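Below is one structure, written out as structure tokens; the observations come after it.
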There are 2 protein chains.
Amino acid sequence: MENLLTIQEMSRLTGLSAHTLRYYEKVGMLEGVSRNEQGYRAYSEADVSWVQFLVILRELDIPIREMKRYSDLRSQGPSTVHERRLMLEAHQSRVQQQMRKLGDNLGKIADKIQYYKGMEEEVEAGIK
Amino acid sequence: MENLLTIQEMSRLTGLSAHTLRYYEKVGMLEGVSRNEQGYRAYSEADVSWVQFLVILRELDIPIREMKRYSDLRSQGPSTVHERRLMLEAHQSRVQQQMRKLGDNLGKIADKIQYYKGMEEEVEAGIK
DNA sequence: GGTTGCATTAGAGCGCGCTCTAAGCTGTAA
DNA sequence: TTACAGCTTAGAGCGCGCTCTAATGCAACC
């Protein structure tokens, strides 16, 4: 029916280690992963999409606790769509603010780099 | 001569806790902080600028180890200006890449938010 | 003299997100 | 038959960046 994936294949597709995939499952962010005859995890295509989404959340520095909360809402079905949207919007603006801060700080670093360049040129000139 | 600051004033000016200020000094990122008659730290204006710069580095997610390395170079004087610039440039491009990644992921989150909005409207329409 | 308040130190403790270990099971190949 | 590869689990361990604790000291005020 479905073509199911081993943990190694899942690892390759998501960039998460097998250890981390088991850990995510253990903390409750991955429910209903099926097993084959040998008791090995057998991930569906839907599992892949979900884990890839988790990876995005993680890359946005959303804490595991929050991701777990989001997963729980998702498990409860469509009635939680509004709350899920609010969570995403909250993180969206947090990350936007963080990006502004990074931009500001990058500017200050750029200034410092320019200042250093000036110093390096002076030293060169001095040597001559 | 100089007007020197207590650790509390330094804390207020930099946003770092007194604990953290002592920690930064202990790991070697703040050398030559003077003391008053009672043995209390007495920070100079130059110390303030330096700590504020450390805060910027920290906000750019530069590890303490790297910041310590940078501090050591700075202590060695102007001969290390070139190496310091290279460090800053390396982090600059790392952060730029990270910001691009954040932007991409924010886009995906925005899509999801739109998708949820659609679902919420459908539910409303369905109820009517 | 006693209390309050603010500082000092060395070192312990903590929350986070993994990351790894040990012991065990199953199927395949030599 | 034996070795190996790949998976399973519970739980220990780790690196990071703080954050806090306990014991102590000193100056000012009641």
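Just so it is clear: chains get the letters A, B, ... in the order the sequence lines come, proteins before strands, and each one is counted from 1. Computed from a predicted structure; not experimentally measured.
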For residues 24-34 of chain A, dump all side-chain donor-acceptor pairs below 3.5 Å to protein atoms at least two apart in sequence or in another chain.
from    : atom 1 : to      : atom 2 : distance (Å)
A:Glu25 : OE1    : A:Arg41 : NE     : 2.7
A:Ser34 : OG     : A:Ala42 : O      : 2.8

Please output the side-chain donor-acceptor pairs of residues 81-90 of chain A that fall under 3.5 Å, not counting sequence neighbours, one pair per line with the distance.
from    : atom 1 : to       : atom 2 : distance (Å)
A:His82 : ND1    : B:Glu120 : OE1    : 2.7
A:Glu83 : OE2    : A:Arg69  : NH2    : 2.5
A:Arg84 : NE     : A:Thr80  : OG1    : 3.0
A:Arg84 : NH1    : B:Tyr116 : OH     : 3.1
A:Arg84 : NH2    : A:Gly77  : O      : 2.9
A:Arg84 : NH2    : A:Thr80  : OG1    : 3.2
A:Arg85 : NE     : B:Glu120 : OE2    : 2.5
A:Arg85 : NH1    : A:Glu89  : OE2    : 2.9
A:Arg85 : NH2    : B:Glu120 : OE1    : 3.2

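Contacts of residues 42-50 of chain A with DNA chain D (heavy atom under 4.0 Å): none. Proximity of residues 60-68 of chain B to DNA chain C (heavy atom under 4.0 angstrom from any strand atom) is not detected for any residue.
Using a 4.0 Å heavy-atom cutoff across all strands shown, A:Glu37 reaches no nucleic acid atom at all. Using a 4.0 Å heavy-atom criterion, one finds that A:Arg58 contacts the sugar-phosphate atoms exclusively.
Taking only side-chain nitrogens and oxygens, B:Tyr24 comes nearer than 4.0 Å to OP1 or OP2 of D:dC18.
Between A:Leu16 and B:Ile7, it is B:Ile7 whose nearest contact on DNA chain C lies nearer the 5' terminus.
Note that CD of A:Gln98 is 8.5 Å distant from CG of A:Leu60, once rounded to the nearest 0.5 Å. Rounding to the nearest 0.5 angstrom, the gap separating the OG atom in A:Ser71 from the CZ atom in A:Phe53 is 9.0 Å.
Annotation: salt bridge (Lys or Arg N to Asp or Glu O under 4.0 Å) contacts involving residues 45-59 of chain B, sequence neighbours excluded, comprise A:Lys101-B:Glu59.
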Taking only N/O atoms, report every protein-nucleotides 19-26 of chain D pair under 3.5 Å with atom names and distance.
from   : atom 1 : to      : atom 2 : distance (Å)
D:dG25 : N2     : B:Tyr40 : OH     : 2.9

